[in-house]
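Naming convention: chains lettered A, B, ... in sequence-line order (proteins, then strands); numbering from 1 in each chain. Owing to the predicted nature of the structure, the values given are computational and were not obtained by experimental measurement. Computed from heavy atoms alone, side chains included, the values below leave out hydrogens, waters and symmetry copies.
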Amino acid sequence: MSEIPILKIGDCLLVSIQVDMHDRLAMALQDDLTQRIVADRARGVMIDISALEIVDSFIGRMLNNIAAMSRVLDAVTVVVGMRPAVAITLVELGLALTGVRTALNVDKGLAMIRSIIDSSENADAHRDR
Amino acid sequence: MLIETGETMPLRNSDDVVRVRQAVRARAIAAGFSLVDQTKIVTAASEVGRNTVDYGGGGTLRIELLRDGRRTGVRLTFTDQGPGIADIAKAMTDGYTTGGGLGLGLSGAKRLSNEFAITSTPGIGTVVTLARWK
């Protein structure tokens, strides 16, 4: 178990990272989230990083991994709330976070997850007909 | 160039890397860095500090507040007595890693710094020095 709480809202999981993460904590969160996606049959994962003062290559890799694993488990991950200074530094560091969907804030992130889930369900319904 | 203050911190594990990030942030604020510049040097410190722990087997960080005329800066010196880096040019290449990382640590830290130097002797250890000016 990591020390970072994972909240369930409907078919989505919400994580708000409020602590300066050491590497083991980042790994634990990655494992916990993957377990919870399956256990809770989650379709969406939202990670709020608005409290994070830096995102280095290790945390960036964790975000990439969570997005990739959730995709394999048929869930959508959206990272929200990145600070402007963090975004500028990330790009200069050389970390593009390709494969990670981002939104400005929690509201926009939830709307993004909703629309992606709905459109994939519509596509499924269309195929079944 | 004047060294106004300095402190040395241990770097043995990932908790120390978190403490180093906080200490570097405090020095960057003392040097009058903008939020973006603070974030850049703290991120660089996190990358190199992790290397010191993961590849160097642990070591130390010396943080110094610099003054050069009207300029202020922060200089970080990471020292370990680890196995050393045989091919520094290769280690500085984007995407090159001997561990499980992304291989952005050293090359990324260099891009985030105004000055960057690395010396390493196999079997003796590695010293990475980086500085950022306001």
Hey, does the side chain of B:Glu47 reach the backbone of A:Asp56 with a donor-acceptor pair shorter than 3.5 angstrom?
no
With rounding to the nearest 0.5 Å, note down the distance linking CZ in A:Phe58 to OG in B:Ser46.
10.0 Å
By a 4.5 Å heavy-atom criterion (distance strictly below it), what part of B:Ala44 contacts chain A: side chain, backbone, both, or neither?
neither
Is the shortest heavy-atom distance from the side chain of B:Arg21 to the side chain of A:Ile54 under 4.5 Å?
yes
If you count every heavy atom of other residues, nucleotides or ligands that lies below 6.0 Å from A:Lys8 atom NZ, does the total exceed 12?
yes
Shared ILVMFWY cluster between B:Val17 and B:Leu130, side chains joined below 4.5 angstrom?
yes
Heavy-atom contact with chain A under 4.5 Å, split by part of B:Gln22
side chain
Can you confirm whether A:His22 sits close enough to B:Asp16 that some side-chain heavy atom of one is under 4.5 Å from a side-chain heavy atom of the other?
no
ILVMFWY network linking B:Phe33 to B:Leu61, side-chain heavy atoms under 4.5 angstrom
yes
Let's go through A:Arg83 and B:Leu35 carefully: what are the C-alpha distance in whole Å and the side-chain angles of both, what is the deciding distance for side chain to side chain contact (heavy atoms under 4.5 Å, CB included) to 0.1 Å, and is it a yes or a no?
CA-CA 10 Å; A:Arg83 297 180 181 197; B:Leu35 185 57; 5.6 Å; no
With a 4.5 Å cut-off on side-chain heavy-atom distances among I, L, V, M, F, W and Y, is there a chain of contacts connecting A:Leu13 to A:Leu73?
yes
In terms of heavy-atom contacts, does CZ of B:Arg62 have more than 12 from other residues, nucleotides or ligands at under 6.0 Å?
yes
Heavy-atom check, side chain of A:Asp23 versus side chain of B:Arg50, under 4.5 Å:
yes
Tell me whether A:Met21 shares a hydrophobic cluster with A:Met69, the cluster being built from Ile, Leu, Val, Met, Phe, Trp, Tyr side chains joined at under 4.5 Å.
no
Could you see if B:Leu76 belongs to whatever hydrophobic cluster contains B:Ile88? Use Ile, Leu, Val, Met, Phe, Trp, Tyr and a side-chain cutoff under 4.5 Å.
yes
Pairwise distance OG1(B:Thr43) to CD1(A:Ile88) - rounded to 0.5 angstrom
11.5 Å
Nearest 0.5 Å, what's the CD-OG1 distance between A:Glu92 and B:Thr39?
11.5 Å
Atom group of B:Val18 that falls short of 4.5 Å from chain A, counting heavy atoms:
both
Does any heavy atom of chain B fall under 4.5 Å from the side chain of A:Leu90, the backbone, both, or neither of them?
neither
Are side-chain heavy atoms of A:Leu93 and B:Lys40 found at a separation under 4.5 Å?
no
